[in-house]
Amino acid sequence: MQMSQLVFKSLRESPSEAEAKSHQLLLRAAYIRRLASGVYSYLPLGLKVLSKVSQIIREEFDRVGAQEVLLPALHPLEIWESTGRAEKMSDVLIHVETKGGSFVLGPTHEEAVIEAVHQDLSSYRDLPAIVYQIQTKFRDEPRSRYGLMRTREFIMADGYSFDADQEGMRSSYRKIYEAYNNAFGRIGIPFEAVEADSGAIGGDVNHEFMSPADIGEDHYAKCPQCDYRANIEAARRRVAIPAILKNLDELPEMSFHYTPDAPGVDIAVEAITKLGVPLTAAEMLKCLVAKDAAGNLFMLLVPGDREIRVPSGLTLLLDDEFEQFPFLYKGFIGPMSAQTNGMSVIADYSVAAKMIFATGGNKAGYHVSGAVLGRDFDVDEFQSLVVVREGDPCPNCGEPLELVRSVEIGHTFQLGLAYSSLLPQASFTGSDGEQYPYFMGCYGIGVTRLIAVIAEHFSDEKGLCWPVSVAPYEVVVVPLGASRSAEVQDTAQSIYNELLGLGVETLIDDRKLSPGVSLADVDLMGIPLEVIVGSKSLAEGCVEVKLRSDGTVLKVGLVDAVSLVTERLRKLK
RNA sequence: CGGGAAGUGGCGCAGUUUGGCAGCGCGCAGCGUUCGGGACGCUGAGGCCGCGGGUUCAAAUCCCGCCUUCCCGACCA
């Protein structure tokens, strides 16, 4: 490709809207252009990268036996109503009214894929099957940001597996897990698979693939000692529970304190301390009330200095929901007699370790101190209920955990029967002639987000710096002063032709520009290998081969130039 | 949805305080001189100053309303 023909013009300064490095560079080097907030066009260079990333993912899906399909982006509203997700995911759904009825733009494709394949997977003989697509998704993000990082329209590679039983599902899951590791490995970015929370999609075991990055919006806990890795939303910590519990008889009585204007933990601690009972936030019991889908109430107990991690399946009560329960005094809730009021009590393990707490008095304006586990309140179940912090003990080995800022680039779910149990058509006939629901899995890679992550990771002060696996071109030939020197012109042209002839994806900067501009543009663009042809080195019978990633330049004789380039390319791959 | 900042030629910005010819740098077009790391001279094109209303002899500038964009937070398969 001749750069004079390429739809490309670099920007010397980045548009003020761009904050993240990847966003700035992708705009400056003419890979993408913004159409609206969180909506981007891919220019020729951007599309080349997108195609390469997609192709790697495609090959790895294919390698484990998944079959590519293409599902619609436009979904009849009814299929979303059929699983209740028109309601559940209403925040992100973009609605489209047409002469033919109400539609939504697909943010994900569980319903659509079932509609697409269930006729063809109607017998146990048809299973297992994995299909995938690489397609545009639409989500009405409340806050798109960081260029391709979080957008309202983005491309995802999403796979769906269909199995006859749980063991089959696990086996399909392992295949995709492997495919993901291979795909991210080929691209060459750092990543780790971590245990994850299943969130709104629901289901059983799942993993997130995280890539550490400064612009990451997620954190995961990592144990430096063992292989424990978990998303902050799923991470647990170890709590040591003393073997000998305190003797109840020797403990102080529970006493009430009048703390009228002290609903939160911090001000309650202050108020109670002022009343002559010194206290820290850690000695306070934070009591939150949540409900499950069936409307059952749960009281969740964590130490006052910790943030709660709400178990999946539960949601905290909203303000107006509190009013439905006269025994709940918001800001003054305590665990005493929770069971009598129909609540199950779930406490963090650390509650069992400490046993004595100050907490809400279950009366407006009152707190208590000296509430003792097993005497003044009871716990139905202990769990790890707090959001882990840097330094918390690893649940496996007890070493202090580290928190890593990262970007979610992929997610794999074992859905089990979560969707197939809701949709009668999501079933097959077993060998006994009965109908059974599919055991499903679903898997997603944010392809366009990946581009942002790659750009973020592979860039320096000069610009982008793509790994060969996804670079828009492998080599760029840069003649310096070609308009003044027929020799430079001819040499560059013949190297270019020769590389093209060998099937190397090559670009030549045939624009009539001064050398500084040309070299700066080419660096900004981030092509892995630059072949610089100038009169100075030509006088010695040489050209220069520059490795963009580390800036090293190798002078090489004319006759060896092409073979050196192809050899270096081979090494880089 | 809450808090903050900003919208002036393709990009970056000044001008708004104190109303009075719409400017600068980059980019773009032409000519010439340059030429191994974003060169220079001359000439030129390109603007509904986000949109709508109001005040005024006069509005980029003051007032009211709206829209858009970005940042922080809430949210997030």
Rounded distance in Å between the C1' positions of G12(B) and G20(B): 28 Å

Please report the distance separating the C1' of G19(B) from the corresponding atom of C31(B), rounded so that it comes out in whole Å. 42 Å

P-based separation of G23(B) from A60(B) [nearest Å]: 13 Å

How would you label the contact of Ser483(A) with the nucleic acid (heavy atoms, under 4.0 Å): base, sugar-phosphate, or nothing? nothing

Basic-acidic side-chain contact under 4.0 Å: Lys536(A), Glu544(A): no

Indicate, with a heavy-atom threshold strictly under 4.0 Å, whether Tyr443(A) touches base, sugar-phosphate, or nothing. nothing

For C70(B) and Ser37(A) - does any side-chain N or O of the residue sit under 4.0 Å from the phosphate oxygens OP1/OP2? yes

With rounding to the nearest 0.5 angstrom, report the NE2 to OH distance, His109(A) to Tyr160(A). 6.5 Å

Using a distance-only criterion (donor-acceptor N/O pair, under 3.5 Å, no hydrogens), is the base of G27(B) paired with the side chain of Glu13(A)? no

Measure distances between side-chain N and O atoms of Arg150(A) and base N and O atoms of C76(B), and say whether any donor-acceptor pair falls under 3.5 Å. yes

Taking atom C1' in both C63(B) and A39(B), what distance in whole Å separates the two? 49 Å

Which of the following nucleotides, G27(B), U69(B), C11(B), is nearest to the side chain of Arg12(A)? G27(B)

Record whether the side chain of Arg143(A) comes under 3.5 Å of the base of G2(B) through a donor-acceptor pair of N or O atoms. no

Classify the side chain of Ser514(A) and the base of G37(B) as holding, or not holding, a donor-acceptor pair under 3.5 Å. no

Classify the angle between the aromatic ring planes of Tyr180(A) and Phe184(A) as parallel (below 30°), tilted (30 to 60°) or perpendicular (above 60°). perpendicular

Return yes if the base of G36(B) and the side-chain atoms of Lys546(A) contain a donor-acceptor N/O pair under 3.5 Å, otherwise no. no

Is the phosphate of C70(B), meaning OP1 or OP2, less than 4.0 Å from a side-chain N or O of Ser16(A)? no

Considering every strand shown, what is the Watson-Crick or G-U wobble mate of A59(B) when both distances are under 3.5 Å? none

Report the residue (Glu408(A) or Ala20(A)) whose heavy-atom-nearest nucleotide on RNA chain B is the more 5′ of the two. Ala20(A)

Contact class for Lys137(A) vs. all strands (heavy atom < 4.0 Å): base, sugar-phosphate, or nothing? nothing

For His207(A) and Tyr173(A), take the angle between the two ring planes, folded into 0 to 90°, and tell me which bin it lands in: parallel under 30, tilted 30 to 60, perpendicular over 60. tilted

For Gly534(A), report the nucleic acid contact type (base, sugar-phosphate, nothing); a contact means any heavy atom under 4.0 Å. base

Using atom C1' of each nucleotide, how far apart are G47(B) and G41(B) to the nearest Å? 27 Å

Between G37(B) (P) and Glu544(A) (CD): distance, integer Å: 11 Å

So what's C75(B) paired with, Watson-Crick or G-U wobble, going by both distances under 3.5 Å? none

Report the base-pairing partner of U17(B) (Watson-Crick or G-U wobble, both distances below 3.5 angstrom), or none. none

When we call it a touch if two heavy atoms are under 4.0 Å apart, what does Pro515(A) touch: a base, just sugar-phosphate, or nothing? base

Starting at atom CD of Glu17(A), determine the distance to atom C1' of G10(B), rounded to an integer number of angstrom. 13 Å

Test log, rule salt bridge (charged side-chain N to carboxylate O under 4.0 Å, His left out), inputs Lys21(A) and Asp214(A): CA-CA 10 Å; Lys21(A) 187 167 56 163; Asp214(A) 294 339; over 6 Å; no

Closest nucleotide of RNA chain B for Asp523(A) versus for Arg34(A): which of these residues is on the 5' side? Asp523(A)

Indicate the atoms forming the closest heavy-atom contact of Glu97(A) with Ser102(A), along with that distance. OE1-OG, 2.8 Å

